[in-house]
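Remember, it's a predicted structure, so these values are computed and weren't measured experimentally.
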Amino acid sequence: MFGTEFLIVALACVIACSCIGLVFYLMRVFGTLRGKVEALTVLVKEGDKHREALAREVQELRSGIIGVGRRVMEFDKKLQSQDARLDEVGTGQQDPQSRLYSRAMKMVELGAGIEELVAECELPRAEAELLIRLHRKPA
């Protein structure tokens, strides 16, 4: 009996020592993991701050783009308005002399001669010759 009691006590000591060793090992692993968790927490907080800063920048850019878009639309309206005014000035309010010369240049482009220009547009002969020299397409 003495032998079995000794074996039981020895086995209990081995188990107790193993448990104590396991507890120390687990404490060291837990400490390492705690350090890693703290480092990751710091990284996550920095990432959140960076994300918030980027979100603010994106919002500022959106606001700026909206403002630029509005200005572009305003400029487009102004440009269309000025185009309409130019069309009015170009077609409806030309002086008769300018229309006469426009018609004469068109006739020259179509192949009209000096006599035709003098008769149709009531131009002096010298002006008709000049128009033909300036606007006739070379053959």
Side-chain angles (χ1 to χ4, degrees):
M1 290 247 207
F2 178 69
T4 25
E5 289 177 4
F6 177 73
L7 282 175
I8 292 175
V9 170
L11 185 61
C13 284
V14 168
I15 292 174
C17 287
S18 295
C19 286
I20 291 172
L22 182 63
V23 167
F24 284 124
Y25 173 75
L26 290 175
M27 286 175 56
R28 187 168 24 120
V29 168
F30 181 72
T32 303
L33 289 176
R34 184 183 309 152
K36 289 182 179 180
V37 166
E38 288 172 359
L40 287 173
T41 302
V42 168
L43 287 175
V44 167
K45 286 180 181 178
E46 288 175 2
D48 284 345
K49 287 178 185 177
H50 187 65
R51 182 189 52 79
E52 289 171 2
L54 289 175
R56 283 190 302 271
E57 285 182 34
V58 166
Q59 184 59 36
E60 289 172 7
L61 287 172
R62 279 185 191 152
S63 298
I65 288 171
I66 290 171
V68 168
R70 287 181 182 153
R71 293 200 59 196
V72 166
M73 289 173 59
E74 289 173 15
F75 284 130
D76 188 44
K77 287 179 184 176
K78 288 179 183 178
L79 182 61
Q80 288 175 359
S81 171
Q82 289 186 0
D83 280 347
R85 283 189 213 154
L86 284 175
D87 287 343
E88 287 175 11
V89 168
T91 57
Q93 298 177 354
Q94 278 185 342
D95 65 283
Q97 193 70 19
S98 174
R99 287 186 191 169
L100 186 68
Y101 281 107
S102 294
R103 181 172 175 229
M105 286 188 290
K106 190 70 162 172
M107 288 175 65
V108 169
E109 288 174 2
L110 295 173
I114 295 172
E115 299 304 324
E116 271 184 279
L117 291 177
V118 169
E120 291 290 325
C121 300
E122 301 176 357
L123 291 176
R125 184 172 188 80
E127 287 184 20
E129 289 174 359
L130 180 62
L131 277 173
I132 288 176
R133 286 185 187 155
L134 290 175
H135 295 288
R136 180 155 289 165
K137 295 179 183 176

*Rounded to the nearest 0.5 Å, what's the gap from CG on L22 to SG on C17? Could you check?*
12.5 Å

_Other ILVMFWY residues reachable from L110 by side-chain steps of under 4.5 Å_ = none

_Is there a path of hydrophobic side-chain contacts, each under 4.5 Å between heavy atoms of I/L/V/M/F/W/Y residues, joining F24 to F30?_
no

With a cut-off of 3.5 Å and sequence neighbours excluded, list every side-chain donor-acceptor pair involving residues 38-55.
{"unit_1": "T41", "atom_1": "OG1", "unit_2": "V37", "atom_2": "O", "d": "2.7"}

Listed pairs under 3.5 Å, donor-acceptor, residues 111-133 side chains, sequence neighbours left out:
{"unit_1": "E115", "atom_1": "OE2", "unit_2": "R125", "atom_2": "NH1", "d": "2.6"}
{"unit_1": "E115", "atom_1": "OE2", "unit_2": "R125", "atom_2": "NH2", "d": "3.4"}
{"unit_1": "E116", "atom_1": "OE1", "unit_2": "G113", "atom_2": "N", "d": "3.3"}
{"unit_1": "E120", "atom_1": "OE1", "unit_2": "R103", "atom_2": "NH2", "d": "3.2"}
{"unit_1": "E127", "atom_1": "OE1", "unit_2": "Y101", "atom_2": "OH", "d": "2.3"}

*Starting at CG of L7, measure out to CG of L11 and round the result to the nearest 0.5 Å.*
8.0 Å

*Sorted by first residue and then second, give each side-chain hydrogen bond (donor to acceptor under 3.5 Å, both in side chains) pair with at least one member in residues 16-31; sequence neighbours left out.*
none

Under 3.5 Å, side-chain donor or acceptor atoms of residues 57-71 against the rest of the protein: list the pairs with distances, not counting sequence neighbours.
{"unit_1": "S63", "atom_1": "OG", "unit_2": "Q59", "atom_2": "O", "d": "3.1"}

In a table with atom names and distances, give each donor-acceptor pair under 3.5 Å that connects a side chain of residues 73-80 to protein atoms at least two apart or in another chain.
{"unit_1": "D76", "atom_1": "OD2", "unit_2": "Q80", "atom_2": "NE2", "d": "3.4"}

